[in-house]
Colleague: 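Take this structure, written in structure tokens, and hold onto it; I'll ask about it next.
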Amino acid sequence: MEIIVNLDVMMAVRKVSSKELAKAIGITEANLSLLKRGKVKGVRFETLASICDYLECQPGDILEYRKASE
């Protein structure tokens with residue numbers, strides 16, 4: 001099982017920079033970068049909600065589930 005993070009895609013569609021989003025949602029650019037690359041073990045619902053609010057999207061626009069190849 002794999003969770004794919006499409007945050008960079010949504011940011012590009014909305015023409016939002018990492019610096020702008022990080023400042024708007026109250027996290028560091030370094031932490032946002034880790035999230036964008038899927039290098040985190042989890043994300044707080046509050047953070048996810050802030051991202052969705054700012055980017056005017058749904059959690060499913062940012063996170064995607066892919067079944068592992070068997």
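Any value given below was found using the heavy atoms of this structure, including those in side chains, with hydrogens, waters and symmetry copies removed.
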Colleague: Give me each pair satisfying salt bridge (Lys or Arg N to Asp or Glu O under 4.0 Å) with a member in residues 29-38, each pair once, sequence neighbours excluded.
Modeller: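 For residues 29-38, and leaving out neighbouring residues, there are no salt bridge (Lys or Arg N to Asp or Glu O under 4.0 Å) pairs at all.
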Colleague: State the CD1-CG distance between Ile4 and Leu7, to the nearest 0.5 angstrom.
Modeller: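 So the gap between those two atoms works out to 13.5 Å.
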Colleague: Is Phe45 reachable from Met10 through a run of hydrophobic residues whose side-chain heavy atoms are each under 4.5 Å from the next?
Modeller: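 Cluster IDs for Met10 and Phe45 differ.
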Colleague: Going from CD1 on Ile25 to CG on Asp53, what distance comes out if it is rounded to the nearest 0.5 angstrom?
Modeller: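 CG of Asp53 is found 10.5 Å from CD1 of Ile25.
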Colleague: Pick out which of Val5, Asn31, Leu34 makes a side-chain contact (heavy atoms from CB on, under 4.5 Å) with Val40.
Modeller: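 That would be Leu34.
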Colleague: List for me each residue that meets side-chain hydrogen bond (donor to acceptor under 3.5 Å, both in side chains) alongside Ser17, sequence neighbours excluded, and say none if there are none.
Modeller: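 Ser17 satisfies side-chain hydrogen bond (donor to acceptor under 3.5 Å, both in side chains) with no residue once adjacent residues are dropped.
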Colleague: About how many Å separate CG of Asn6 and CE of Met11, when rounded to the nearest 0.5 Å?
Modeller: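 Atom-to-atom, Met11:CE and Asn6:CG are 13.0 Å apart.
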Colleague: Heavy atoms, side chains only, cut-off 4.5 Å: are Ile51 and Leu35 in contact?
Modeller: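 Yes, their side chains come closer than 4.5 Å.
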Colleague: Would the distance check show the side chain of Arg14 and the main-chain N or O of Tyr54 forming a donor-acceptor pair, the cut-off being under 3.5 Å?
Modeller: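 Not confirmed, Arg14 side chain does not pair with Tyr54 backbone.
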Colleague: What's the spacing between Ile62 CD1 and Ile3 CD1 if we round to 0.5 Å?
Modeller: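 Taking CD1 in Ile62 and CD1 in Ile3, the distance rounds to 13.0 Å.
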Colleague: For the atom pair CG (Asp61) and CG (Leu55), what is the distance rounded to the nearest 0.5 Å?
Modeller: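 It is 9.5 Å, given to the nearest 0.5 Å.
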Colleague: Do you know which two heavy atoms are closest between Leu48 and Pro59, and how far apart they sit?
Modeller: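 Closest approach of Leu48 to Pro59: CD2-CB, 4.0 Å.
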